[in-house]
**Student:** 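Just dropping this structure here.
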2 protein chains.
Amino acid sequence: MINLSYETFNQDFNTLIGDEWSCLFDLNHQKLNLKNRNIATKKFKLIIETVFKLSNEKGFQAMTMRDLSQESGISMGGLYKYFSNKTQIVEMIHAAMVHMAATCLHLNDEHSEDPIFELNELLARHIYISERLKKWFYFVFMEAKCLERPLVETIIASEQAMEDAILKRIVKAKQQNFCQCTNPDFVAAMLKVMLQEWYLKSWKYIQKDINADQYVANLLLSVYQLLGVKS
Amino acid sequence: MINLSYETFNQDFNTLIGDEWSCLFDLNHQKLNLKNRNIATKKFKLIIETVFKLSNEKGFQAMTMRDLSQESGISMGGLYKYFSNKTQIVEMIHAAMVHMAATCLHLNDEHSEDPIFELNELLARHIYISERLKKWFYFVFMEAKCLERPLVETIIASEQAMEDAILKRIVKAKQQNFCQCTNPDFVAAMLKVMLQEWYLKSWKYIQKDINADQYVANLLLSVYQLLGVKS
DNA sequence: AACAAAAGCGAGCAAATGTTCGCTTTTCTT
DNA sequence: AAGAAAAGCGAACATTTGCTCGCTTTTGTT
């Protein structure tokens, strides 16, 4: 029913974007006066992964610059070559994530005739990108409050956009008599929340030994059950 | 199919527990040397509601004691009569919430023969308690990281317990041939996450004018669809 | 090898933050 | 009404925290 797998998605991601850290470099090296791409991407990797680790342990606000310095092994002064202040760390992470997600997740791609197929593909793509950028999604979700108001609203809006995109496909499927769904809004909310579940509770699925492809399979099965898809 | 409503639940809550603020008083007045119940419950209400408000705006960590003082209109010294340090605020809120939830949510009540009915009741009860204690649930979910490790693990464990309780009823229903469910784990995760959705995204449902009872109705409909309940 | 530019360092500064304590005001009992 | 106890106050203190800047080390080019 769907011709995607995490394997192939991940290859696409690699060719399309490369890796997360050079993306960070590309988006920020100008204003930070970073010249050596090789050094800088390595440092970005080290710093941001440490930020993820410490934020995960006690939250971004509670993480001090001294914590970050000690844990990453980079001095205070050294750190500030890679961002100009603490809140900019969150902004950088958010901006890079949005950039990467937008590059490979095409909400408006509707080249199929079958709205159910479109829905499946939308869901699968989102699971795959959040699998690849698991820690980024988790971080942005948990620490969004550190951002400025307008940016927070951007995040809420893009969440809503995903739910709307799901809803749109369900309604379309219903109109075209592909399914019988009496509560499209609720089903859309349910599916969107299960997209978040994948990166918010990833430890649970690692523990259960369920990978992204298996999760997608479960999710698509639920789509059929919830929508009452006619075979 | 289910004889519960938020109306009746709320009445039970009031007779069983009274109100949130006197609960806070009862649990803490000894160690804080608070004598006047009347004054103290009013202050607790004022302080904790302000904590909810400020935490909601920028997070508990980012909220300073001066913010809390200014917004509540209580002096710094005055505040410290109602808790002994900042982290104790989170602990107090958490402890009171657990106490209230445990008092009126009985995970082990299985007096019915019908496991589907039991499942419905479990879900409805949880929606209702999280409706009543909406801000408490939201706060604890968002600020759990401020707590000590063992307490955080308590929270994770109780979340897992809810999912397990749901799963148990699904499996039971399947064994007794009430339904045909091929992915009980996934369905259990889905239902639990929709319980959280109610208090994490409450603004969405206020906006859509969907109340707790309507949400429960939607949820129970999904149970039927996901489990393939035989009529 | 020499030199300039980039990267890295960490003690030190200013501001912010949690908490205290001596004092005043309110409350309640007798 | 008087007095004692509880509640409330806010300036002051010690610590923490984000951040800078003069300096050293590393890197890459000629």
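Nothing here was measured: the structure is a model prediction, and the numbers come from that model. Proteins get letters first, then strands, A, B, ... in listed order; numbering begins at 1 in each.
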**Student:** With under 30° as parallel and over 60° as perpendicular, where do the rings of B:Trp21 and B:Trp136 fit, or are they tilted in between?
**Tutor:**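 It falls in the tilted class, 30° to 60°.
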**Student:** So what does A:Tyr82 touch, heavy atoms closer than 4.0 Å: a base, only the sugar-phosphate, or nothing?
**Tutor:** sugar-phosphate
**Student:** What's the NZ-C1' distance between A:Lys42 and C:dA6, to the nearest Å?
**Tutor:** 16 Å
**Student:** So, for B:Met194 and B:Ile127, which heavy atoms are closest and what is the spacing to 0.1 Å?
**Tutor:** O-CD1, 4.4 Å
**Student:** Specify the separation, in whole Å, of atom CZ of B:Phe83 and atom C1' of D:dG8.
**Tutor:**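 Going from CZ in B:Phe83 over to C1' in D:dG8 covers 13 Å.
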**Student:** Just how far, in rounded Å, is C1' of D:dT20 from NZ of A:Lys86?
**Tutor:** 18 Å
**Student:** Without decimals, in angstroms, what is the distance between A:Leu79 CG and D:dT17 P?
**Tutor:** 15 Å
**Student:** On DNA chain D, nearest-nucleotide positions of B:Gly77 versus B:Ala40: which is more 5'?
**Tutor:** B:Ala40
**Student:** Would you mind telling me which residue lines up with the more 5' stretch of DNA chain C, B:Thr64 or A:Gly73, judged by nearest nucleotide?
**Tutor:** A:Gly73
**Student:** How long is the line joining CG of B:Asn38 and P of C:dT26, in whole Å?
**Tutor:**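 So the two atoms are 18 Å apart, to the nearest Å.
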**Student:** Among C:dT19, D:dA7, D:dG18, which is the nearest nucleotide to the side chain of B:Leu34?
**Tutor:** D:dA7
**Student:** Take atom CD1 of A:Ile89 and atom P of D:dG18, then tell me their distance rounded to the nearest Å.
**Tutor:**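 The distance from CD1 of A:Ile89 to P of D:dG18 comes to 9 Å, rounded to the nearest Å.
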**Student:** Between D:dG8, C:dG10, C:dA7, which nucleotide gets closest to the side-chain atoms of B:Lys43?
**Tutor:**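 Between D:dG8, C:dG10, C:dA7, the one nearest the side chain of B:Lys43 would be D:dG8.
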**Student:** State which of C:dG8, C:dC13, D:dA7 makes the closest approach to the side chain of B:Ile39.
**Tutor:**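 Looking only at side-chain atoms, B:Ile39 lies closest to D:dA7.
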**Student:** Assess the side chains of B:Tyr205 and B:Glu197: does a donor N or O sit below 3.5 Å from an acceptor N or O?
**Tutor:**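 Yes, side-chain donor-acceptor contact under 3.5 Å.
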**Student:** Evaluate the ring planes of A:Tyr215 and A:Trp198, with Trp represented by its six-membered ring, and classify them as parallel (under 30°), tilted (30 to 60°) or perpendicular (over 60°).
**Tutor:** tilted
**Student:** What's B:Met76 touching, base or sugar-phosphate or nothing? Going by heavy atoms closer than 4.0 Å.
**Tutor:** base
**Student:** Check the angle between the aromatic planes of B:Phe9 and B:Tyr6 and answer parallel, tilted or perpendicular using the 30° and 60° thresholds.
**Tutor:**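 Parallel, since the angle between the ring planes stays under 30°.
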**Student:** Do any side-chain nitrogens or oxygens of B:Asn36 fall under 4.0 Å of OP1 or OP2 in D:dA7?
**Tutor:**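 No, no such contact exists.
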**Student:** In whole angstrom, give the distance that lies between atom CZ of B:Arg66 and atom P of D:dA12.
**Tutor:**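 The answer, rounded to whole Å, is 13 Å.
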**Student:** Where the side chain of A:Tyr80 is concerned, which of C:dG18, D:dG8, D:dG18 is the nearest nucleotide?
**Tutor:**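 Out of C:dG18, D:dG8, D:dG18, the nucleotide with an atom closest to A:Tyr80's side chain is D:dG18.
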**Student:** From CE of A:Met65 over to P of C:dA11, roughly how many Å is that when rounded to an integer?
**Tutor:**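 Computing the A:Met65:CE to C:dA11:P distance gives 17 Å.
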**Student:** Is any side-chain N or O of A:Lys81 under 3.5 Å from a base N or O of C:dG8, one able to act as donor and the other as acceptor?
**Tutor:**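 Yes.
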